[in-house]
2 protein chains.
Amino acid sequence: MNTLAEENYLKAIYHLSLNGAIASTNQLAAQLNTKASSVTDMLKKLADKELINYTPYQGVNLTATGEKIAINIIRKHRLWEYFLVEKLNFKWDEVHEMAEEMEHISSNALIDRLDKFMGYPKYDPHGDPIPDCNGLFKAHNLRPVSAVDVNESVIICGVRDHSTVFLQYLEKHGLMIGKNIAITDIIEFDHSVILMMDNKKVQISREVANNLLVSI
Amino acid sequence: MNTLAEENYLKAIYHLSLNGAIASTNQLAAQLNTKASSVTDMLKKLADKELINYTPYQGVNLTATGEKIAINIIRKHRLWEYFLVEKLNFKWDEVHEMAEEMEHISSNALIDRLDKFMGYPKYDPHGDPIPDCNGLFKAHNLRPVSAVDVNESVIICGVRDHSTVFLQYLEKHGLMIGKNIAITDIIEFDHSVILMMDNKKVQISREVANNLLVSI
DNA sequence: TAATAAATTTAGACTTATCTAAATTTATTA
DNA sequence: TAATAAATTTAGATAAGTCTAAATTTATTA
């Protein structure tokens with residue numbers, strides 16, 4: 001098994017090297033709240049274990065083995081988030097930190113039973129896809145509200161920013177996963193978006209529109 | 001917050017210093033699978049934090065603060081065991097190792113919600129009492145089967161030994177928490193016990209009888 | 001109660017993961 | 001393309017938790 005620190009690095013590398021990208025030392029340091037020199041040390045260690053492809057100065061991505069481990073951690077994280085929201089009635093902005101700890105519980109038998117207990121959910125409370133026990137999942141193809149045309153009607157399916165403040169902001173305005181929204185106007189000056197939801201008018205800034213994901 | 005190692009020491013000290021006893025360095029080393037010298041180092045650290053009362057060469061017990069922390073860890077351990085057995089359908093001999101990890105999930109809000117979700121259970125799958133959110137619980141007053149007289153009828157309420165082999169042995173013979181047993185005979189030669197359960201005769205050794213706890 | 005055994009602590013070393021500061025490599029730009 | 005800036009790595013140090021071996025204290029027993 002891998003240490004907690006190793007698992008967190010693999011997860012961070014996974015998130016930073018999606019779509020064939022390469023994660024840099026500094027990006028990892030920022031993501032993991034640590035220093036670049038610490039990252040370098042760990043990258044050597046993970047490279048020795050053949051969990052990442054690392055060329056000094058050139059950044060990293062995951063090997064097949066590393067990716068498998070990373071996806072398993074993400075599976076655990078998202079299933080625990082689902083559990084916390086659906087079974088223990090936490091709000092979607094309250095569960096991230098707890099799931100950060102729970103994702104390191106090692107037993108796969110446990111997580112498979114949890115998955116079954118909850119009926120094999122496909123998406124977590126933030127709309128992110130939950131990998132199945134084989135690591136398979138399909139990211140649904142989403143776009144930000146800012147890319148939607150006026151008069152289109154779409155469904156809220158996810159968020160790009162997962163921060164507590166953003167989630168609380170959305171919650172306060174009733175902008176939740178599954179809600180149907182109709183874009184009624186886009187202000188030319190600042191690109192803020194006017195939309196209708198539950199027969200009420202809601203105005204959101206460009207920044208919010210960029211981070212709120214909806215169906216194609 | 002305390003580190004994982006510190007929490008495990010506090011828990012071990014708790015278990016070893018029940019009933020006003022004093023835990024020794026060697027006992028702790030055995031319990032924690034480590035060396036006496038490592039224990040000494042940690043005891044100094046915990047004493048500095050005022051979580052234990054430590055006099056060199058004289059052993060330790062917990063301060064009020066230390067005990068509070070230890071009981072909270074035990075509360076978490078037992079609630080997670082209950083969850084694993086009652087909600088995820090694990091067997092009572094499968095859950096200890098998982099709960100050893102889960103007991104270190106820090107959030108008290110989480111454990112309180114879990115407690116509520118399960119209906120505030122009073123005992124874990126092995127019959128051990130679950131402390132409430134204030135750390136309160138009453139250990140029910142049990143005795144081993146070996147202390148029961150012939151012709152008495154009692155209810156299985158707990159185990160003294162929590163090892164997988166022992167639990168599996170009991171499971172195989174149907175000796176589970178809640179079962180009613182009637183002691184029909186005690187063999188004078190080796191103190192093995194003959195009992196009736198579900199209208200079937202079961203014979204258990206003195207050692208088993210010493211580790212199976214029943215109602216007074 | 002002196003000698004021996006057992007338990008415990010101390011001293012010094014090791015590993016993991018981190019840090020700061022300096023050195024090196026890569027990227028940018030004048 | 002040479003100079004400068006930015007990114008990255010190396011060197012050396014630190015803290016937590018552990019270890020072995022030696023020293024010390026406490027307990028046992030002859």
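Chain A is the first sequence line, chain B the second, and so forth, proteins listed ahead of strands; every chain is numbered from 1.
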Query raised in the report: Is the closest basic N to carboxylate O distance between B:Arg75 and B:Asp124 below 4.0 Å?
Result: no
Query - Residue A:Thr34, side-chain heavy atoms: nucleotide from C:dT18, C:dA7, C:dT9 that is nearest - result: C:dT18
Query raised in the report: How are the rings of B:His96 and B:His77 set relative to one another: parallel (under 30°), tilted (30 to 60°) or perpendicular (over 60°)?
Result: tilted
Report task. Confirm from the modelled atom types if A:Thr3 and C:dT16 form a donor-acceptor pair under 3.5 Å, side chain to base only. Result -> no
Query raised in the report: Does the base of D:dT18 carry an N or O that pairs as donor and acceptor with the side chain of B:Ser37 under 3.5 Å?
Result: no
Query - Assigned partner base of C:dT28, Watson-Crick or wobble definition, under 3.5 Å - result: D:dA3
Query - Any B:Asn26 side-chain nitrogen or oxygen under 4.0 Å from OP1 or OP2 of C:dT8 - result: yes
Query raised in the report: In terms of side-chain geometry, is the basic nitrogen of A:Arg78 or A:Glu103 positioned less than 4.0 Å from the acidic oxygen of its partner?
Result: no
Query raised in the report: In whole angstrom, what separates A:Glu7's CD from C:dT16's P?
Result: 16 Å
Query raised in the report: Relative to each other, are the rings of A:Phe83 and A:Trp80 parallel, tilted or perpendicular (30° and 60° limits)?
Result: perpendicular
Report summary line: Checking D:dT18, C:dT18, D:dT26 against the side chain of B:Tyr9 (C-beta onward), the nearest is D:dT18
Requested in this report: Measure from OH on A:Tyr54 to C1' on D:dT10 and round the result to the nearest Å.
Outcome: 10 Å
Query - A:Glu100 bridged to A:Lys11 by N-O distance under 4.0 Å - result: yes
Report summary line: Ranking D:dA7, D:dT18, D:dT9 by distance to the side chain of A:Thr40, first place goes to D:dT9
Report task. Starting at atom NZ of B:Lys35, determine the distance to atom P of D:dA16, rounded to an integer number of angstrom. Result -> 23 Å
Report summary line: Taken to the nearest whole Å, CG/B:Asn8 to P/D:dT18 is 9 Å
Query raised in the report: Checking all strands, does B:Thr25 fall into the base, sugar-phosphate, or nothing category for heavy-atom contacts under 4.0 angstrom?
Result: sugar-phosphate
Query raised in the report: Considering only side-chain heavy atoms of A:Tyr57, which listed nucleotide, D:dT8, C:dC19, C:dA7, is closest?
Result: D:dT8
**Report entry** B:Leu43 CG to C:dT8 C1', straight-line distance once rounded to whole Å
**Finding:** 10 Å
**Report entry** Nearest-nucleotide comparison on DNA chain C, the residue closer to the 5′ end among A:Pro56 and A:Met42
**Finding:** A:Met42
Report summary line: Using Watson-Crick geometry (N1-N3 plus N6-O4 or O6-N4) or G-U wobble (N1-O2, O6-N3), each under 3.5 Å, C:dT15 is paired with D:dA16
Query - Whole-Å gap separating C1' (C:dA7) and CD1 (B:Ile22) - result: 15 Å
Query raised in the report: Please give, in whole Å, the distance from C:dT18 C1' to A:Asn33 CG?
Result: 13 Å
Query raised in the report: Rounded to the Å, how far apart are A:Lys44 NZ and D:dT8 C1'?
Result: 11 Å
**Report entry** Watson-Crick or G-U wobble partner of C:dT20, both distances under 3.5 Å
**Finding:** D:dA11
